[in-house]
Amino acid sequence: MSLVLKNVVKKVGSETHIYDMSVELEDEGFNILLGTTLSGKTSLIQLMAGLEKPTSGEIWFRGKNVTTVAVQKRNVSMVHQQFINYPSWSVFENIASPLKVAGLTRATIDERVGSIAEMLKLTPMLGRNPNELSGGQQQRTALARALVKDSDLILLDEPLANLDYKLREELRDELPKLFTDRGCMVIYATSEPEEALSLGGHTVALHEGQIVQYGNTSKVYRDPENLRAGKVFSNPPINIVPVSMRGGKIHLNDLVSWPATESQKHLDDGDYKMAVRAHHVTPVQPQGHSVNIQGRVLVTELSGSESVAHFELDNQTWISQSHGMHGNNVGDLARFHINIEHCLFFDPAGNRITA
Amino acid sequence: MATKSTNQKAWFFVVPVIILVAFNALIPLMTVVNYSVQETFGNNIFFFEGVKWFEQVLHSERFHASLLRQLSFTGIILAIEIPLGIAIALAMPKKGFWVSVCLVLMALPLLIPWNVVGAMWNIFALPDIGLLGRIINGIGFDYNFTQNPTAAWFTTILMDVWHWTSLVVLLAYAGLSSIPDAYFQAAKIDGAGAWAVFRHIQLPKMKRVLTIAILLRFMDSFMIYTEPFVLTGGGPGNTTTFLSIDLVKIALGQFDLGPAAAMSLIYFLIVLLVCWVFYTLMMKDEAQ
């Protein structure tokens, strides 16, 4: 266990940014902080970097208490959402800056900057000024600056958020390769579930300054422990509806019900919240067990390869996501199929109920 | 291919502006041009003189002297106000209650009418009854801005610094507040000191507002009239007779309309030239 938070609390004035947080992060691979804006990602990154000190609690890194160690002495590097480079220096000088501070020789600096620039495809831009470059190249420069020194901890605070779609995907595919075999720990904050899934590693799901779940990224996605983790880790938003279990049948409303499947039999009679991801609510009947519902279409979004429809049933808004083009006219009644094998059940307080 | 349709009626929308500009800029300017190429006598008698007045002004020692005074004055106040303004902006609080207090205090000198500033400093600096004058004399300096040229320059510069440094402060402060926190975090992680942060982050990020500040302060100080006119009246002797004061002396004191008109055009062209240089520099920077 490498980075450990022990009862960390961060208050700024009368506002609490981080509520009593304890977690032990893995040293290997990416550690992703996933949450919406104001979920505490940036506060947490700054605490981990040492830019801020916790109001109470301790932070341990690789067996040492670093709570009060200043950021310069921690050997960390950081990449921000904005493209942060020294404006008056060339790309080369920017990348070389941490090495110069460390007092390395000219030859070593040239060699290290050269190899990092090669890796990040910046070699032709080394002599140029960062503000002459495109956004993607500016962020590559910032990444190179973070990677060039052998940091123990690299923190990335939504590094791709300000890039356009294509550059984001391109850089996202390259990122894991850049960090392998570096012996450093990587913390990566993002608000996008797809980004978390494609980077893998472990995920800390954050909601309003609290950790709602921590674990292997794909496990957090597949098995949310509570409704908030499910909400944080879904795009489009996960459907959450009240259901009840009576006499071996699960009732969605007076008309729609189904006999509990093998994995739902353990539920006692009573009221529950059921969560089902948008891609398990489809206009085409899926294989396996499914029930169908009819709703009034509110909005449809077509992206060519995929269709998203928002529809209303019993004053509840549902979202359906499916492959291909399924155009519905707004206001029409349409039929959707819920894949009941992929429904997750939570108690009224929002905690997951598993067998 | 689509043809571009033109609607001549659009000109009507431009007419009010054309009339306005004509009356407040073009017509007065052309009047000056008219005077600058003629000898003017009473009863509206004029003789065409060509570029004679321009040659006379450009060769006159009086013009050279006031131009030199003007350049020295502008140079000195820029050298004081720009660094001082940046220093004050850096020292100002970044957030909290005191920000607005500081900003209001800073803006106060800018709100005072120029002739009032001159009158205030005139009284303030009088050696016998003025607070400043009494204190300086009390310390042991022989200070009298109505008789001693050095004292007159010192007072004029001090007055301009008091009046206009705020403008530089406000611009520099705006420039500083627009720098994202992330820059300072990055510098902190790199272990950069305060000077390095200033030299490599704050100063380059303020470049644009500082160019504007220098341009504005150049123009205003180069055309300064009211304050020194009220404070020293251009004296003692001619020692604080800056270009605009000299121009008024020629035009209204001696009623030499031709040379005065030629001088104002030369004066205008100098200001225009410097503004153009600044504008070009700024645009070049923007294009990057």
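In what follows, every chain begins at residue 1, and chains take the letters A, B, ... in the order their sequences are listed.
- Less than 6.0 angstrom separates the ring centroid of B:Phe124 from the ring centroid of B:Trp121.
- Your options are A:Leu51, A:Val101, A:Asp157, and the one with the most heavy-atom pairs under 4.5 Å with chain B is A:Leu51.
- With hydrogens and angles ignored, the 3.5 Å screen pairs no side-chain donor or acceptor of A:Lys149 with any backbone N or O of A:Leu147.
- At a 4.5 Å heavy-atom cutoff, the contact between A:Asn85 and chain B is made by backbone atoms alone.
- Looking at A:Val76, the atoms closer than 4.5 Å to chain B (heavy atoms on both sides) sit in the backbone and in the side chain alike.
- With a 4.5 angstrom heavy-atom cutoff, A:Arg145 touches chain B only via side-chain atoms.
- Checking A:Tyr86 against B:Asp190 by side-chain atom types alone, a donor-acceptor pair falls below 3.5 Å.
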Determine, step by step, whether B:Trp164 and B:Phe218 satisfy the ring pair (Phe, Tyr, Trp, His ring centres under 6.0 Å) criterion, reporting the C-alpha distance in whole Å, the side-chain angles of both residues, the deciding distance to 0.1 Å, and the verdict. CA-CA 11 Å; B:Trp164 288 111; B:Phe218 169 82; over 10 Å; no
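- Contacts of A:Gln46 with chain B are made by side-chain atoms alone, with heavy-atom separations under 4.5 Å and no backbone atom involved.
- Looking only at distances, no side-chain donor or acceptor of A:Arg62 sits under 3.5 Å from a matching main-chain atom of A:Asp27.
- For A:Lys73, no part lies near chain B; criterion is any non-hydrogen pair under 4.5 Å.
- Contact annotation for B:Ala187: both backbone and side-chain heavy atoms come within less than 4.5 Å of a heavy atom of chain A.
- Ring-plane geometry between B:Trp153 and B:Phe73 is classed as perpendicular, the angle between the planes exceeding 60 degrees on a 0 to 90 degree scale with a lower cut at 30.
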